[in-house]
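Notes to accompany the following structure.
Model, not experiment: these values are computed from the prediction. Just follow the structure's listing: the first ligand is 1, and inside any ligand the first atom is 1.
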Amino acid sequence: MTDLGDMDPEAFRREAHRVADWIADYFAGIERYPVLSRVSPGDVRASLPPDAPADGEPFETILADFERTLLPGITHWNHPGFFAYFAISGSGPGVLAEFMSAALNVQAMLWRTSPAATELEEVALDWLRRLLDLPHAFDGVIYDTASVSTLHALAAAREQAVPDVSARGLAGRFDIPPLRVYCSEHAHSSVDKAVMLLGLGQESLHRIEADAEFRMRPDALAAAIDSDTRNGCQPIAVVATVGTTSTTSVDPVGAIAAICEREHLWLHVDAAYAGVAALVPEHRWILKDAGAADSLVVNPHKWLFTPFDLSAFFCRRMDVVRAAFSLTPDYLTTAEAGSARNLMDTGIQLGRRFRALKLWAVLRYFGTDGIRARLREHMRLAALFAGWVDASPQFERAAPVPFSVVCFRLSGTDEMNERLLARLNATGEVFLSHTRLGGRYTLRLAIGNLRTTERHIARAWTLLQQHAAELGATP
Ligand SMILES: Cc1ncc(COP(=O)(O)O)c(C=O)c1O
C-alpha cells in the first residue's frame, strides 16, 4: 500500500542538505547568472507539463527540473548587479529563519495558536521601533507589504472620520460628504489602490504638487485642503513619503504634521524604503517628525536584508485599527482575549505567517552596528556613483541622492536613454530600471544588495559609458 504519510525524517534530512547545498552554491556563484531573466513570455509555461503527475516523484527530480526549467526564468534579485526598483537581499540568516518558519507552519491568528509567534512579533517590532527612535506610543504589527500597511492606515483614517462605516459602508449615503485623501505627486501607487479598495474612489486622492527636489509642498497641501473643504468635501488623511519611489525624496513631515494637527487629519508616513536609514545617526532626522504621525510603514524586506515579505506597520491609534478590523466569531473566542493580543484583530487576514522570526534573526545576526555599517556603505557607493555622473560630460544627474538611489540620464533624447537601458540590461551583468522625472525618461541605479561592492558599481559605470559611446553619444 502507498505510504500515506509525509516525507520520512531521514529523507527530509537528506533533501534538506541537498537544498542547503544548492542555496549555498547559488549564493556563492550568483554572478554566473544573467541578472535579468532572458526568457520570453510563455517560455517557462511551455516547458512544463499541462497536468500534475499522478505518481509522486523524488525530490531530487523536482530540484533538477527546478534548475533546468525554472531557473532560466528567474530574475536574480540577490545578484550584486541588481540595481533596479529598490535593490534588496534575502540574507542568509533571513533565509534560514524563513525555512524554520515554513517547517513550523504556524498560523499566528490568535495568541494561543502560537504564543511565541505573537510575542516575538511584539518584541521584534519594538526593537525596530526603538532603533527608528519612534515614540513608545507606537504599537506595531507585521503585514506582508507596504501596500497592505497603507491600506490599513487609510482604513483606520476612514474609520476615524466615519465611525459607523464598518456597519453602514459608504455606498448611497447622503449624510457624509465626499471624503478626500492627500499625498504628493511622487507618492507610490499603493495609495491610489488603497482609496480605490476602501470605496473612496481614485478621484478622492488629491496628488499635491512637489517642489524642485520632488518633496510635497506644504503650502499646496494647505491650499488643496482649504479648497476641498470650501467645496463641501471632507479631508480625512494625508500620506507623507520618506523616500519616494522614483527619487527617494523626503516630504517635509514636520510641516505636513502641523497641517494635519490643525485640520484633524490622519497622518500616515510611507517610509517603506528609506525608513531604515534612520538607524544611521546622521540620517536620524528623516523620522524626527514622524513621531507626530498617526501611523508609519517601513519595509524590512526592502533595505533591511529580510527576505520578502515583511512590512512593519506602526500606529499610535491601534485602537482605531482594531475598531475597523476586529470581529470575533464564536469559533475564534479564547479565554486570553483581553489579556493577550490576538493579531487577527489588527488586520484583514485571519491566518498569518510567522514572519517575525526572520526579522528577529536578521537583527540578531548582523547586529545593529552591522546593519548601520551596511546601510552606510550602500549610501557611500551611491554618493560615489553620483560623483562619477556629475563629473561626466555625457551624463547628467536628475535628482539629489539622499540615500542609496541615483537618478541620472544620458544627455540626449528619451529614446536614446531607453535604448541605452535596454542594451545595458541585455548584458546580463547589471539590471537597472527607469522612471520619468519632469517628463523626461530617467535611469535609476538603486543600491541595497548585501553583495554589491564598489567593483559592481564601477562595472555598471563602465558599461554605461561603453554603450553610450556605441549609441553615438557625444560629450
Ligand atoms: C515608497 C513606497 N511605498 C510603497 C511601496 C509598495 O511596497 P510593497 O511592494 O511592499 O507593497 C513601494 C514599492 O516600491 C514604495 O517605493
Side-chain angles (χ1 to χ4, degrees), residues 75 77 82-90 94 128 132 140-155 181-198 205 207-208 210 214-216 237-251 253 256 267-278 286-287 290 293 295-314 347-349 352-353 355 358-359 378 382 399 401-407 431-437 442 444-449:
T75 289
W77 286 70
F82 189 105
F83 298 118
Y85 313 109
F86 282 123
I88 60 174
S89 300
L128 186 58
L132 300 176
V141 63
I142 294 176
Y143 301 129
D144 54 358
T145 57
S147 304
V148 168
S149 292
T150 294
L151 173 68
H152 282 80
L154 293 181
V181 175
Y182 305 82
C183 65
S184 110
E185 57 179 308
H186 291 281
H188 190 259
S189 54
S190 52
V191 186
D192 296 69
K193 287 198 183 180
V195 295
M196 286 154 70
L197 202 60
L198 290 168
L205 183 64
R207 283 188 170 268
I208 305 297
F214 312 101
R215 302 168 296 200
M216 193 199 293
V238 178
V239 179
T241 312
V242 170
T244 54
T245 311
S246 286
T247 69
T248 74
S249 60
V250 178
D251 285 341
V253 178
I256 295 170
L267 173 59
H268 174 60
V269 175
D270 178 354
Y273 150 72
V276 295
I286 61 169
L287 294 185
S295 58
L296 175 140
V297 57
V298 53
N299 272 0
H301 74 220
K302 278 190 162 55
W303 199 14
L304 199 59
F305 321 127
T306 307
F308 191 78
D309 51 6
L310 198 158
S311 179
F313 177 69
F314 292 100
I348 186 69
Q349 276 185 272
R352 37 200 325 289
R353 302 195 316 112
R355 292 194 182 91
K358 56 186 171 183
L359 178 58
H378 291 166
V401 181
F403 305 106
S404 67
V405 175
V406 185
C407 291
F431 176 29
L432 277 73
S433 58
H434 73 280
T435 188
R436 201 166 273 282
L437 294 178
T442 304
R444 280 172 88 261
L445 179 115
I447 298 166
N449 193 294

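Side-chain atoms of His186 and Thr245 form no donor-acceptor pair, as typed in the model, at a separation below 3.5 Å.
Partners of Arg215 under the salt bridge (charged side-chain N to carboxylate O under 4.0 Å, His left out) rule, at least two apart in sequence or in another chain, are Asp211, Glu213. Phe86 meets the ring pair (Phe, Tyr, Trp, His ring centres under 6.0 Å) test with Tyr273; sequence neighbours excluded. Scanning for side-chain hydrogen bond (donor to acceptor under 3.5 Å, both in side chains) contacts around Asn299 gives His301, Ser311, with sequence neighbours left out.
At a 4.0 Å heavy-atom cut-off, the residues surrounding ligand 1 are Phe86, Thr145, Ala146, Ser147, His188, Ser190, Gly243, Thr245, Asp270, Ala272, Asn299, His301, Lys302, listed by chain and number.
Test Phe82, Phe431, Phe308, Phe83 against Trp77 for ring pair (Phe, Tyr, Trp, His ring centres under 6.0 Å) and you get one pass: Phe82.
The nearest pair of heavy atoms linking Ala153 to His268 is CB-ND1, 3.3 Å.
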